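In what follows, a single structure is set out as C-alpha cells and then discussed.
Bear in mind that the values here come from a model prediction, so they are computed numbers and not experimental data.
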Amino acid sequence: MIHPFFIIPLSAEPSAFEMQSGATKKELRSLQTSSKNLETIITELQNKVISLDQSQDGVKSLFEGQSLKIKNLLDASASQENSIKSLSSVQDTHSNTLKQQSDLLTLLKDRIDKNQKAIEGLNKKVDDITELIGHINSDLMAQLELIKKNLEIPTTPTSTSNTSKISNVKKQTTPKESKTSNTDTFKKDGSKQKTIFIEAEELYKKGKLKEAKERFEWLVEMNYRPANSLYLLGEIAYKQKNYQQAVVFYKKSALENDKANYMPILLWHTAWAFRYSKDLPNYEKFLDSLIYLYPNSEQGQKAKDIRKKTKDKNEHRNK
C-alpha cells in the first residue's frame, strides 16, 4: 500500500510554493520518478512481508507436524522399550524355569540311579530268599515225608499207655471200631455226613468232647472233610492234654491240606504240644515255622514275642 505522501499529480502546474522554492519541472519529474520507484519498492517489500508471513506459517505448520511426528516416535519408542522389558522379564522367567527343570532332571536322575541300585539289591535279596525258601521247602518236605513214615512212632519217650494210644490212632478210625459202635444212630445213614459234621462241631463247642470225637473219627473213616476232622480231633486231644496224640492228628491234617485257614492255630498248638512234652527243639522249630509262614497272624505275633524274649534273655545271660 502506497503512502499518500508519495502521490504527486504529474500534469499539474507548479504551485506558487514550488515556484518560490525554485524547483523546475525537471526536478519535479525526477521526484515523481523517485516516488514511483519508492512505491514499487514498498509494494515489493509488502509482498515479501506477506510471503515471509506465509512462509513463517508454513514453517510453523511444518514444525508442529514434525513435533507431532517426533512425539509419536517417542511414544512408539517408549512402548517398544516397555515391550522389550516385558520380553526380557519373560525370557528371565523362562531361563529360571529351564534351570529349575534342569536341576529337577538332575535330581530325578540321581534318584533313578539310587532306585536302580536299591532294586538290584532287592533282586539279590529276593534271589537269596528264593534260595532260602527252596531249602526250607526241601527241609519241610523231607520232614513231612519223615512224619508220614513215622506217624505211628511217638515223638518222645512216654508211658506205656500214651505209646499205646498213639500207635493205635489208625485203629481208632478203622471199620472194626465203627462196627462195635454201630448202635450210634449217626452212623446208620452215611448220606448225612454234612449234618453229622455240623453236629460234631456243635458238640465240640459245647465241650462234649467224647461225643464230638466219635463223630469226627467216623467222618475221617467216611473220608468226609478229613483235614478239618483230623484237625478237630487234634484239638480234642490237645484239650484232653494228650499232646502226643494231638501232634499226630495235627500232622495228618497238615498232610491233607496245608493251606487251611486254621493252620496258624494248628502250628501254634503243635509247638505247645511239643513244649508240654519237654521237646524244646521241636517247640522252637514250630515257632519259627509259624513266624515264617504266618507272620501277620495272631499266633505268628505271639511266636515273635516269645522268640524275642528268649533272644533277649540269652543275650542278657551272655553279658
Side-chain angles (χ1 to χ4, degrees), residues 125-159 161-170 220 226-319:
K125 289 181 179 179
V126 168
D127 293 338
D128 293 341
I129 290 171
T130 302
E131 185 178 356
L132 177 61
I133 290 172
H135 290 311
I136 291 173
N137 286 338
S138 299
D139 293 342
L140 184 60
M141 290 302 296
Q143 289 179 8
L144 289 174
E145 287 297 325
L146 183 61
I147 290 167
K148 188 175 180 181
K149 291 178 181 178
N150 297 285
L151 283 175
E152 303 297 328
I153 301 174
T155 306
T156 57
T158 57
S159 64
S161 59
N162 285 339
T163 305
S164 176
K165 288 180 182 179
I166 294 171
S167 61
N168 290 327
V169 168
K170 286 188 175 180
V220 171
N228 294 68
S229 298
L230 286 166
Y231 162 67
L232 289 168
L233 283 171
E235 290 290 270
I236 292 170
Y238 186 85
K239 286 180 179 291
Q240 293 173 337
K241 297 184 180 181
N242 191 349
Y243 300 117
Q244 291 184 346
Q245 190 178 35
V247 169
V248 172
F249 282 124
Y250 288 147
K251 290 176 181 177
K252 285 184 177 182
S253 176
L255 288 171
E256 289 287 342
N257 181 11
D258 61 353
K259 304 296 182 184
N261 58 359
Y262 51 76
M263 282 302 296
I265 300 174
L266 185 150
L267 292 174
W268 175 253
H269 284 172
T270 301
W272 279 98
F274 281 119
R275 178 71 177 83
Y276 293 137
S277 301
K278 310 298 182 183
D279 187 349
L280 296 182
N282 274 325
Y283 164 67
E284 293 177 352
K285 186 182 294 184
F286 272 86
L287 287 181
D288 292 338
S289 298
L290 182 57
I291 293 169
Y292 178 76
L293 295 172
Y294 304 97
N296 297 322
S297 66
E298 179 184 351
Q299 292 74 24
Q301 294 296 324
K302 290 179 180 178
K304 284 181 185 178
D305 293 338
I306 292 173
R307 296 300 280 154
K308 185 177 184 301
K309 289 178 182 178
T310 303
K311 182 180 179 182
D312 294 341
K313 188 176 180 180
N314 291 334
E315 288 178 352
H316 180 72
R317 199 178 282 172
N318 293 330
K319 286 183 179 179

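- With hydrogens and angles ignored, the 3.5 Å screen pairs no side-chain donor or acceptor of D258 with any backbone N or O of A254.
- Atoms CD and CD1, from Q245 and I236 in turn, are 10.0 Å apart once rounded to the nearest 0.5 Å.
- Under the rule for a salt bridge (Lys or Arg N to Asp or Glu O under 4.0 Å), the partners of K308 that lie at least two apart in sequence or sit in another chain are D312.
- When side chains are defined from C-beta on, V248 counts as touching K252, because their heavy atoms get closer than 4.5 Å.
- Test Y243, F274, F286 against D279 for side-chain contact (heavy atoms from CB on, under 4.5 Å) and you get one pass: F274.
- A pairwise comparison of heavy atoms in I291 and G300 identifies CG1-O, 4.0 Å as the closest pair.
- Within the model, atoms OG of S289 and CG of N282 stand 9.5 Å from one another, a figure rounded to the nearest 0.5 Å.
- The two residues Q299 and L290 make their nearest non-hydrogen contact at O-CD2, 3.4 Å.
- Listed here is the closest heavy atom pair of P226 and E256: CG-OE1, 3.8 Å.
- Contact of the V220 side chain with the F249 side chain is not registered, since no non-hydrogen atoms from C-beta on lie closer than 4.5 Å.
- Between G234 and A246, the closest heavy-atom pair is O-CB, 3.4 Å.
- Counting heavy atoms of neighbouring residues, nucleotides and ligands inside a 6.0 Å radius, atom NZ of K304 exceeds 12 of them.
- Residues that satisfy the side-chain hydrogen bond (donor to acceptor under 3.5 Å, both in side chains) test with N257, not counting sequence neighbours, are absent from this structure.
- Every salt bridge (Lys or Arg N to Asp or Glu O under 4.0 Å) that E298 has, sequence neighbours left out, goes to K302.
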If you look only at distance, which donor and acceptor atoms sit under 3.5 Å apart when one is on a side chain in residues 262-273 and the other is two or more places apart or in another chain?
| residue | atom | partner | partner atom | Å |
| --- | --- | --- | --- | --- |
| Y262 | OH | A227 | O | 3.2 |
| Y262 | OH | S253 | OG | 3.2 |
| H269 | ND1 | E235 | OE1 | 3.4 |
| H269 | ND1 | E235 | OE2 | 2.7 |
| T270 | OG1 | L266 | O | 2.6 |

